[in-house]
Amino acid sequence: MRVPHDPWPADQAEALRQQLALRARVEAGGPLPAVRTAAGLDVSYDGETGRAVAAAVVLDLATLTVVEAATATGEVTFPYVPGLLAFRELPVLVDALERLTVTPDVLVCDGYGVAHPRRFGLACHVGVLTGLPTFGVAKTPFTSAHAEPGPGRGDWLPLTEDEEVLGRVLRTQPKVKPVFVSVGHRVDLATATTLTLALAPRFRLPETTRHADQLSRRLLGGLYAAR
DNA sequence: GCGACAG
DNA sequence: ATCTTGTCGC
């Protein structure tokens with residue numbers, strides 16, 4: 001798939017400008033009729049060499065089997081700055097996305113969407129660039145206030161900032177630490193929640209993320225062994 | 001002013 | 001993200 005984008009920022013000031021400009025292009029969305037495929041995205045790093053490996057893995061939602069997988073490698077230059085994660089991960093992530101021959105119905109990102117200090121997390125950025133529905137599933141809390149949801153699978157509580165609902169703290173497995181779901185682009189929060197649960201029938205994290213995570217670190221390890 | 005802070 | 005062994009439980 002094609003992923004048109006501006007030049008990647010070289011510094012934090014430029015990144016912040018791009019973020020605030022692109023933010024205006026986020027679109028709200030409703031339910032997604034007929035979601036057949038969902039793609040998981042993730043990036044692994046080698047701290048020594050600065051090497052990054054991205055993976056995009058497309059799953060069939062009904063069977064949770066792999067439809068297609070694409071990877072890309074590159075050198076990371078942008079530092080990790082909370083709130084600017086997208087600028088660190090996107091360059092190599094976009095390369096991986098462009099190597100997909102199928103267009104997924106929805107993209108599942110590793111991190112936050114609108115539940116972000118400036119309402120424009122990684123999932124929003126990926127959505128604006130691809131034009132596809134996106135949402136984020138994060139493993140740890142970020143900035144929004146949250147309480148502990150009930151112990152059952154599917155139990156959730158809103159992620160809020162003041163009176164504003166920005167996402168959900170969602171329990172995907174009984175008595176297992178919850179995940180943090182927020183909308184990215186062209187999909188609503190209820191649908192993102194439903195999809196997250198559908199993608200995580202057995203483990204805490206969605207199968208999409210698990211596949212992308214495993215593939216990216218496996219390739220990173222393989223590259224290291226081959227040096 | 002001092003921490004906290006997705007991956 | 002990444003550094004890392006054994007160990008508890010199904």
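For the numbers below, each heavy atom of this structure counts, side chains included, while hydrogens, waters and symmetry mates do not. Letters A, B, ... mirror the listed sequences (proteins, then strands); counts begin at 1.
Taking atom CZ on R88(A) and atom C1' on dA6(B), their separation rounds to 12 Å, with Å as the unit.
For residues 108-125 of chain A, the pairs satisfying side-chain hydrogen bond (donor to acceptor under 3.5 Å, both in side chains) are Q19(A)-R118(A), D110(A)-K139(A), R119(A)-E161(A), R119(A)-E164(A), with sequence neighbours left out. Residue pairs meeting the ring-ring contact (aromatic ring centres under 6.0 Å, His included) criterion with at least one member in residues 164-186 of chain A, sequence neighbours excluded: H146(A)-F180(A).
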What nitrogen or oxygen pairs link the protein and nucleotides 2-5 of chain B at under 3.5 Å?
none

Between the protein and nucleotides 2-8 of chain C, are there any N/O to N/O pairs under 3.5 Å, and if so, what are the atom names and distances?
residue: dT2(C); atom: OP1; partner: Y45(A); partner atom: N; Å: 3.4
residue: dT2(C); atom: OP2; partner: R217(A); partner atom: NH2; Å: 2.9

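Contacts of R17(A) classified as salt bridge (Lys or Arg N to Asp or Glu O under 4.0 Å), with partners at least two apart in sequence or in another chain: E14(A). A search for salt bridge (Lys or Arg N to Asp or Glu O under 4.0 Å) contacts involving E27(A) returns R186(A), not counting sequence neighbours. For D60(A), the salt bridge (Lys or Arg N to Asp or Glu O under 4.0 Å) criterion is met by R36(A), not counting sequence neighbours.
Other cluster members for V183(A): L32(A), V35(A), L61(A), L64(A), V106(A), V108(A), F135(A), V137(A), W156(A), V165(A), L170(A), V179(A), V181(A), V187(A), L189(A), L195(A), L197(A), L199(A), L205(A), joined by side-chain heavy-atom distances under 4.5 Å among Ile, Leu, Val, Met, Phe, Trp and Tyr.
Contacts of residues 175-211 of chain A with DNA chain B (heavy atom under 4.0 Å): none. Within residues 118-137 of chain A, the residues approaching DNA chain B are G121(A), L122(A), by heavy-atom distance under 4.0 Å.
Stem regions for DNA chain B, meaning three or more consecutive Watson-Crick or G-U pairs with both distances under 3.5 Å, do not exist: the list is none. In DNA chain C, no stem is built from 3 or more consecutive Watson-Crick or G-U wobble pairs with both distances under 3.5 Å.
Both the sub-6.0 Å distance and the 45° axial angle are not jointly satisfied by R51(A) relative to the ring of Y45(A).
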